[in-house]
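Each remark here refers to the structure printed beneath this line.
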Amino acid sequence: MKHFPIFLSLEGRRVVLSGGGDAALAKLRLLLKTEAGITVFAPDPAPEIADWAAEGRLTLVRRPVAPGDITGAALFYGADEDPVEDARTAAIARAEGALTNIVDNLEDSAFITPAIVDRDPVTVAIGTEGAAPVLARAIKADLEARLPATLGILARLGKAFRAAADILPMGRARRDFWSDWYFRDGPRALARGEDGASGALDELLARHASRDARAGHVAFVGAGPGDPELLTLKARRALDEADVVIHDRLVTPAILELARREATLIDAGKEGFGPSMTQDDINALIVEHAAQGAQVVRLKGGDPTVFGRLDEEIEAVTAAGIPFHIVPGITAASASVAAIGQSLTSRGRNTSLRFLTGHDMKGFADHDWAALARPGEVAAIYMGKKSARFIQGRLLMHGAAPSTPVTVIENASRPDQRILATTLGALPADLARAALTGPALTFVGLAPRAARAELTRQQEVV
Ligand code: SAH
């Protein structure tokens, strides 16, 4: 970030602009929205500038800038659209201590003016450090369409009401009040006319002040395989509203970024073998926060209902009389099969599909090996890295062919995703060689689709 965005107070400050043409007009239209004292130097100003001067909105001096003219100014704009004149005026401005901007000359400017979406007092400033003005304009247009024109009025009324709303306890109660104002009651009141709107604030506050403290709640939310774009809209909303987020090791930083800034983030991450926080500790943590009235999001990698010990957590929560709901997520098998361009089921190949865990609480997990060893069967094995040799042994013993395709997908959906295409016979050796460190899912009975196989061999196979 070469340019640091700030909002500069211009109330009562001096801003000087040199120029009287189109570039000057464009900047002045923005500057006139501020409370700065504006002086324009222009021997031959556009009629609009003369009109603004006649209305007393700025001071017009009908000559070029001279030394001494810019003393005490906070900002200076060189808008003569003439490189020689701009260089001359900018040199004076710099010598006299003003932050200087030359229109359309990023290099010699000390600051840039962003594209602005104006819902005063809500202002969105968009900058691309000069790299992509087209992009800035597109983002501006998008925001203009998305932010209701009444947002500024709501914010102004809200600001005047801040002290009154302080009778609500800090935290959730206050946030709920303001959220109702900006997104529900405020827009509705404005639709009936601005006059009624401040009355609506009083009513809303009375309603909230008499309301019981909101009860705690737990949402068991699937974070998906790691790519934030694979979160559901419901998961995003739950993260937006959470007071406390208790997450496991599989949840990526990019997803945690989406939690509210004030939310408490707790890492209840567990190693593959040997928990760093016991399940009982985690259950107690969830219950403790929800019992205090917090909106708790228990955020689990993939889908919370797949190999996530969800039942144990639900039992703890219900035993404490706390309400809960589940938000499903994309499980690792779905993300992994997408990565190899395959389908989990296929007519004529497999009409059933097994999700297995490589190990359970007692060690390597046992399964119906005879059924799994049949040709055409597809199994998605979670937590299967350490148990690869065990699984291979059992399957071969029950008659599976050593040539059965096996694919291991590490970090599915993430930038560091890797695909290991092998066979049942070569699995343990290939896996050891690949030295995977991230979460990995093993498919028995599935190879990457042929078209992708070539690509993976060149770029991704380990
Ligand atoms: N609830 C999770 C699974 C938890 S068990 C889900 O639905 O995906 C943890 C195992 O999931 C890991 O050992 C690994 O086998 C698998 N896994 C989770 N995320 C993965 C990812 N991004 N890529 C590959 N495997 C993953």
Side-chain angles (χ1 to χ4, degrees), residues 219-232 234-235 238 246-256 267-277 279 282 297-314 326-342 344 353-361 363-365 367 378-391 406-422 427 431 434-444 446 448 456 460-462:
F220 294 99
V221 177
D227 177 354
E229 291 197 48
L230 291 178
L231 276 174
T232 63
K234 281 203 172 165
I246 303 174
H247 64 92
D248 62 29
R249 189 174 294 269
L250 289 169
V251 179
T252 53
I255 287 172
L256 294 175
D267 182 356
K270 292 185 290 177
E271 300 280 359
F273 286 99
S276 57
M277 194 186 267
Q279 188 62 50
I282 297 172
V297 163
R298 172 66 173 123
L299 190 61
K300 290 168 174 286
D303 183 277
T305 72
V306 178
F307 302 130
R309 301 186 71 175
L310 179 63
D311 269 352
E312 294 161 62
E313 294 179 8
I314 291 178
I326 300 174
V327 178
I330 292 182
T331 190
S334 299
S336 299
V337 82
I340 59 170
Q342 280 286 17
L344 279 177
L353 166 74
R354 286 161 208 263
F355 285 17
L356 317 179
T357 168
H359 68 86
D360 59 19
M361 285 185 298
F364 295 146
H367 297 286
V378 173
I381 304 176
Y382 289 70
M383 296 174 278
K385 270 189 301 185
K386 292 204 168 89
S387 52
R389 186 173 291 283
F390 170 77
I391 290 168
V406 173
T407 310
V408 183
I409 299 96
E410 183 197 30
N411 295 318
S413 87
R414 305 179 188 179
D416 48 359
Q417 168 178 296
R418 292 199 294 173
I419 295 167
L420 171 66
T422 178
L427 174 65
L431 205 53
L436 307 181
T437 51
L441 187 119
T442 306
F443 282 121
V444 174
L446 270 188
T456 42
E460 297 166 47
V461 162
V462 282

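All values reported here derive from a predicted model rather than from experimental measurement. Note that ligands are numbered from 1 as they come in the structure, with each ligand's atoms numbered from 1 the same way.
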### Query
What protein heavy atom sits nearest atom 4 (C) of ligand 1, and how far away is it?
F307 O, 3.6 Å

### Query
Closer than 4.0 angstrom: is that true for some heavy atom of S413 and an atom of ligand 1?
no

### Task
Check whether any N or O atom of L250, backbone or side chain, sits under 3.5 Å from an N or O atom of ligand 1, and answer yes or no.
no

### Query
Who's closest to atom 7 (O) of ligand 1 heavy-atom-wise, of V251, T357, T331?
T331

### Message
Using a 3.5 Å distance criterion without hydrogens, assess whether the side chain of S336 forms a donor-acceptor pair with backbone atoms of A412.
### Response
no

### Message
For F443, is there any backbone N or O sitting under 3.5 Å from a side-chain donor or acceptor partner on T407?
### Response
no

### Query
Is G308 near ligand 1, meaning one of its heavy atoms is under 4.0 Å from it?
no

### Query
Among the heavy atoms of R414, does any lie under 4.0 Å from an atom of ligand 1?
yes

### Backbone N/O of G301 and side chain of R249: donor-acceptor pair under 3.5 Å
no

### Task
Mind checking the CG-OG1 spacing from D311 to T305? Nearest 0.5 Å is all I need.
9.5 Å

### Summary
Closest non-hydrogen atoms of G226 and I255, given as atom of the first, atom of the second and distance, are O-CD1, 3.6 Å

### Task
Could you tell me which non-hydrogen atom of F307 sits nearest to which non-hydrogen atom of T357, and how far apart they are?
CZ-N, 3.6 Å

#### Entry: Which atom of P328 lies closest to which atom of T232, heavy atoms considered
O-CG2, 3.7 Å

### Task
Would you name the heavy atoms of I381 and G358 that are closest together and state the gap between them?
CG2-N, 4.0 Å

#### Entry: Which segment of P304 sits under 4.0 Å of ligand 1 when only heavy atoms are counted
neither

### Message
Check whether E410 reaches the backbone of R418 with its side chain - one donor and one acceptor, N or O, closer than 3.5 Å.
### Response
no

### Message
Polar contacts were defined as any N/O atom of the residue lying under 3.5 Å from an N/O atom of the ligand; does this apply to I330 and ligand 1?
### Response
no

### Message
Using a plain distance cutoff, I'd like to know if G384 has any nitrogen or oxygen under 3.5 Å from a nitrogen or oxygen of ligand 1.
### Response
no

### Part of T442 within contact of ligand 1 (heavy atoms, under 4.0 Å)
neither

### Query
So, does K300 use its side chain to make a donor-acceptor pair with the main chain of G308 at under 3.5 Å?
yes

### Summary
So the atoms of ligand 1 within less than 4.0 Å of a heavy atom of V306 turn out to be 1 (N), 2 (C), 3 (C), 4 (C), 7 (O)

### Message
Return the closest protein heavy atom for atom 2 (C) of ligand 1 as residue, atom name and distance.
### Response
G301 O, 3.2 Å

### Minimum-distance pair of heavy atoms, taken over all atoms of L441 and A333
CD1-N, 3.8 Å

### Query
To which protein heavy atom is atom 23 (N) of ligand 1 closest, and what is the distance rounded to 0.1 Å?
A412 N, 2.8 Å

## Note on the structure
Short version for I409: what comes under 4.0 Å of ligand 1, heavy atoms counted, is backbone

#### Entry: Selection from G224, G329, A332 by shortest heavy-atom distance to atom 18 (C) of ligand 1
A332

### Query
For atom 15 (O) of ligand 1, which protein heavy atom lies nearest, and how many Å away is it?
A440 O, 2.7 Å

### Query
Tell me, which protein residue and heavy-atom name are nearest atom 11 (O) of ligand 1, and how many Å apart are they?
Y382 CD2, 3.3 Å

### Query
What atoms of ligand 1 come closer than 4.0 angstrom to any heavy atom of L441?
24 (C), 25 (N)

### Query
To which protein heavy atom is atom 13 (O) of ligand 1 closest, and what is the distance rounded to 0.1 Å?
M383 CG, 3.2 Å

### Identity and separation of the nearest protein heavy atom to atom 22 (N) of ligand 1
P225 O, 2.9 Å

### Heavy-atom pair with the smallest gap, counting every atom of I409 and A339
CG2-CB, 4.3 Å

### Task
Measure from the side-chain N and O atoms of D416 to the backbone N and O of N411, and report whether any donor-acceptor pair falls under 3.5 Å.
no

### Query
Would you say ligand 1 has an N or O under 3.5 Å from any N or O of E410?
no

### Query
By number and element, which atoms of ligand 1 are closer than 4.0 Å to a non-hydrogen atom of P439?
17 (N), 20 (C), 23 (N), 24 (C), 25 (N), 26 (C)

